Amino acid sequence: MDDPAEHLLHLFELLAGDGTSEDLAQIPATARAAGADATALARIERAGVLALRLRHTLTEQRRREAELAALFDTAGDLARVRDVDAVLRAIVHRARMLLGTDIAYLSLNDDAAGSTYMRVTDGSVSALFQQVRLGMGEGLGGLVAQTVRPYATPSYFDDERFNHTEAIDTAVRDERLVAILGVPLKVGSSVIGVLYAAERASREFSPDEVALLSSLADHAAIAIDTTRLLEETRSALVELNTAHDTIRSHNEALRRAERAHDRLTDLVLRGGNVPEVAGAVAEILGGGILVHDAEGTELARIEAAPLPPHAVSVRRSHTSGRAVLWQDNWVCAVLAGPELLGSLTLVGRSELADADRRLFERAGVVTALLLLLQRSTAEAEDKVRGELVTDLLTTSDRDRAGVLARARRLGVDLGAAHVVAVAHVDAMVRERLVAAASHHAAQAGGLAGAHGKHVVLVLPAREAGAVATALARELGAAVGGPVTVGAAGPTEGIDTIAATHAEAARCLEAMLTLGKQGQGAALADLGFLAVLLGDRTDLAGYVTHTLGPVLDYDARRGTDLVHTLETYFACSTNLTRTGQALHVHVNTVTQRLERIATLLGADWHHPARALEIQLALRLHHLTCRNEPPSPE
């Protein structure tokens, strides 16, 4: 690039595009390296300085554009709503939401009566508090009005800076307020009221929170003094519009972004789901959209082939807070503060204008809001289900009907057959187990919640052993570690759930004692332990489960292999002595034992299995005597 004009042209191309200041500063160095003569080099360097100055000017204009957009939003609230009470209610509600407090309220001075009255409250539950009237100079608000300064207290009743009166303290106590922040509403040098944010627990308010509430108080004062200040705001906006010609060229992009934002926000407020939001974003941006959660699970896919999220790009977007380009796709992290909730991937739009990029990033914010709302709803439902599990295990006669009604509201029919399962996991991942169990129970139409040191599930089913095995496998995969599950049931109605839970807990403790971590079982699956631990022992069922094939064989063939087994164990498993006791040759004993191995399995004589078989033989001898033996 020997021609100086080419270097100048490159400068203009960088200015017209998204060239950085570093890119612009590199042009003179490139011209110098290319051997430009001194005169041309001086011009290029001068052009470079001018280009950097112009880049700085454009950057400042974009910053002011953002400030103007925020001012437009605030002014829009005031310009669109003519009802002062509606504006004040919106401001007080916004104060409560932004500061995250239990309550926010606004009081105004009544100069004629010489008192202050409550104008707007948000989050208040006390009628006394909502109707309280204060004398001038009383309470925290009186100190704010006198000094025209914000005041905050982490503990209202312990703070002696304020003029405590019985009326104020009674109202504050009735509302159960502890920490209070108050800022003045000023019109000129006069204080016309106080805007408060309050918490029902001790809390220190930060300077940023004081500044934010003060800003909202200023807006409230603007709403009250609407005519004069709105006119000043309009004049300021006209002056700003005149001063920034660049902003006017971006008005259409801003309006498009606003319409898109309103559409997406409306979707969320109307209860839209993730696929609906993804469809709206795809339509607005003219590309395909994929939405994934933080673990990479696909939540929605519109006009796009399956594509896992690009982890490196998601991390870059998370760090920078901006959408980033990956190959021919754009990736935007979905964030709630520093927390990564998931990601958006835009396909089919390798070129994305700055306005569209900001719109895509705003879609990430809306998606984050939707995911947070869904998570909050799920957490609330999980909490209700968990509390109901605790109530089921401690139900008294007087609240039995209430428990049944709450279960019906959750879609759970406690009159049907249910299996009760008790799950155990290492304490480090117990919270993850609670979340995984709650999700599983909600999908299955059951209940789950923490109880004591374990997690209890009440699931509609009839096979306790199968439920326990499946839960150990699925919950173990969900928490990434071994989950041990003991189960019992089925049971119908709520009267026997507590007893069934106790049986499941005994089963779990037995499994942990036997070293069966990471497995699932019911008492019946534990063999002779079911006989020892069960409250409702099914002896005949245990005998059938353990000796059933041999009993069936004897019944069909007229043999008495059961008697052979009893004699074999009575003779301490000695073949010769067994043959003598049965009056048969030792080879006959061997043949009968081989037949028994075919029926019961090759491991029938192993110590643990042999113990179960001997116990079943004793129970059979006591409860199920056979006819006199016949030779095989």
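This is a predicted model, so every value here is computed, not measured.
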Do [X] and [Y] have side chains that get closer than 4.5 Å, going by heavy atoms?
{"X": "F360", "Y": "I289", "value": "yes"}
{"X": "L307", "Y": "T345", "value": "yes"}
{"X": "I613", "Y": "W604", "value": "yes"}
{"X": "Q580", "Y": "T576", "value": "yes"}
{"X": "L599", "Y": "L561", "value": "yes"}
{"X": "L575", "Y": "T590", "value": "yes"}
{"X": "Y568", "Y": "R592", "value": "no"}
{"X": "V291", "Y": "T367", "value": "yes"}

Under 3.5 Å: donor-acceptor pair, side chain of [X], backbone of [Y]:
{"X": "D293", "Y": "T297", "answer": "yes"}
{"X": "S317", "Y": "S313", "answer": "no"}
{"X": "T567", "Y": "H563", "answer": "yes"}
{"X": "S343", "Y": "V314", "answer": "no"}
{"X": "T573", "Y": "F569", "answer": "no"}
{"X": "D102", "Y": "R200", "answer": "yes"}

Report the C-alpha separation of R203 and E209 in whole Å, then their side-chain angles, then the decisive distance to 0.1 Å, and conclude whether the salt bridge (charged side-chain N to carboxylate O under 4.0 Å, His left out) test is met. CA-CA 12 Å; R203 169 175 173 174; E209 289 173 326; 2.6 Å; yes
What's the verdict on side chain to side chain contact (heavy atoms under 4.5 Å, CB included) for Q519 and K516, showing C-alpha distance, side-chain angles and the deciding distance? CA-CA 6 Å; Q519 301 179 34; K516 295 180 178 291; 4.0 Å; yes
Closest heavy-atom contact between [X] and [Y]?
{"X": "V455", "Y": "A437", "value": "CG1-CB, 3.7 Å"}
{"X": "L290", "Y": "A305", "value": "CD2-O, 3.6 Å"}
{"X": "A464", "Y": "A487", "value": "O-CB, 3.5 Å"}
{"X": "G493", "Y": "I497", "value": "O-CG1, 3.4 Å"}
{"X": "A197", "Y": "L99", "value": "CB-CD2, 3.8 Å"}
{"X": "P154", "Y": "S202", "value": "O-OG, 3.3 Å"}

Once rounded to the nearest 0.5 Å, what's the spacing between atom [atom1] of [X] and atom [atom2] of [Y]?
{"X": "R557", "Y": "D552", "atom1": "CZ", "atom2": "CG", "answer": "12.0 Å"}
{"X": "L508", "Y": "L512", "atom1": "CG", "atom2": "CG", "answer": "4.5 Å"}
{"X": "L341", "Y": "H318", "atom1": "CG", "atom2": "NE2", "answer": "9.0 Å"}
{"X": "E594", "Y": "N587", "atom1": "CD", "atom2": "CG", "answer": "9.5 Å"}
{"X": "R173", "Y": "F157", "atom1": "CZ", "atom2": "CZ", "answer": "4.0 Å"}
{"X": "E566", "Y": "L582", "atom1": "CD", "atom2": "CG", "answer": "10.5 Å"}

Going through the distances and angles, do Y196 and T121 end up as a side chain to side chain contact (heavy atoms under 4.5 Å, CB included)? CA-CA 9 Å; Y196 303 86; T121 65; over 6 Å; no
So with a 6.0 Å cut-off around CD of E361, is the heavy-atom count from everything else above 12? yes
Under 3.5 Å, is there a donor-acceptor pair linking the side chains of [X] and [Y]?
{"X": "E175", "Y": "S124", "result": "yes"}
{"X": "T101", "Y": "R96", "result": "no"}
{"X": "E492", "Y": "H418", "result": "no"}

Take H606 and D603, measure what side chain to side chain contact (heavy atoms under 4.5 Å, CB included) needs, and give me the verdict at the end. CA-CA 5 Å; H606 290 179; D603 64 340; 3.6 Å; yes
Can you list every ring-ring contact (aromatic ring centres under 6.0 Å, His included) pair that touches residues 469-498, not counting sequence neighbours? none
Side chain to side chain contact (heavy atoms under 4.5 Å, CB included) assessment of V485 paired with V483: CA-CA 6 Å; V485 181; V483 176; 4.0 Å; yes
Check the orientation of H454 and H424. Use parallel for under 30°, tilted for 30 to 60°, and perpendicular for over 60°. perpendicular
Does a salt bridge link R301 with E298, judged by any charged N lying under 4.0 Å from a carboxylate O? yes
Residue pairs fulfilling salt bridge (charged side-chain N to carboxylate O under 4.0 Å, His left out) with at least one residue in residues 423-434, sequence neighbours excluded: none
